[in-house]
Amino acid sequence: MNSLKGLGVCAIIAGLAYAMTRVADIYTLLLYFSITIVVLSLLGYAASIRRRRRDRRVAVGATGRRAGRLAGSAR
């Protein structure tokens with residue numbers, strides 16, 4: 001079990017709280033934080049799509065047919 005599981009989230013929240021005390025314009029800081037979260041989410045989604053496509057290519061190449069089909073069913 002990973003004992004440091006939530007440490008990253010806690011560090012982000014602590015960093016945001018510290019930055020909010022040091023920045024004069026909090027709304028600009030929140031805008032940059034929101035943009036960062038959206039960009040990171042999009043990058044994770046794109047990586048997930050690439051991984052899924054690669055896994056499907058490997059599965060099709062190994063058996064000659066699409067993974068998930070039954071071996072006895074012919075179409």
Side-chain angles (χ1 to χ4, degrees):
M1 186 170 175
N2 188 1
S3 61
L4 301 176
K5 194 175 194 179
L7 188 61
V9 175
C10 291
I12 290 171
I13 292 172
L16 183 61
Y18 176 76
M20 287 177 73
T21 62
R22 298 291 180 195
V23 175
D25 190 12
I26 293 176
Y27 295 112
T28 304
L29 178 69
L30 290 176
L31 174 66
Y32 290 148
F33 180 72
S34 300
I35 289 172
T36 303
I37 294 297
V38 169
V39 167
L40 290 175
S41 297
L42 288 173
L43 289 174
Y45 180 66
S48 170
I49 289 173
R50 289 181 63 188
R51 173 73 186 256
R52 187 179 329 126
R53 287 180 182 167
R54 187 185 57 167
D55 288 348
R56 282 189 178 194
R57 269 197 312 270
V58 169
V60 169
T63 60
R65 61 177 68 182
R66 194 172 246 210
R69 275 195 189 171
L70 296 176
S73 66
R75 283 190 161 174

Q: Suppose we screen for side-chain contact (heavy atoms from CB on, under 4.5 Å). Which residues come up paired with Arg53, at least two apart in sequence or across chains?
A: Ile49, Arg57
Q: My understanding is that only one of Leu42, Thr36, Ile35 makes a side-chain contact (heavy atoms from CB on, under 4.5 Å) with Val39; could you say which?
A: Ile35
Q: Residues two or more places apart in sequence or in another chain: which of them pass salt bridge (Lys or Arg N to Asp or Glu O under 4.0 Å) with Arg52?
A: none
Q: With Arg54, which residues qualify under side chain to side chain donor-acceptor pair (under 3.5 Å), at least two apart?
A: none
Q: Side-chain polar contacts of residues 11-32 - donor-acceptor pairs under 3.5 angstrom, sequence neighbours left out - could you list them?
A:
| from | atom 1 | to | atom 2 | distance (Å) |
| --- | --- | --- | --- | --- |
| Tyr18 | OH | Arg22 | NE | 3.3 |
| Thr21 | OG1 | Tyr18 | O | 2.5 |
| Asp25 | OD2 | Thr28 | OG1 | 2.3 |

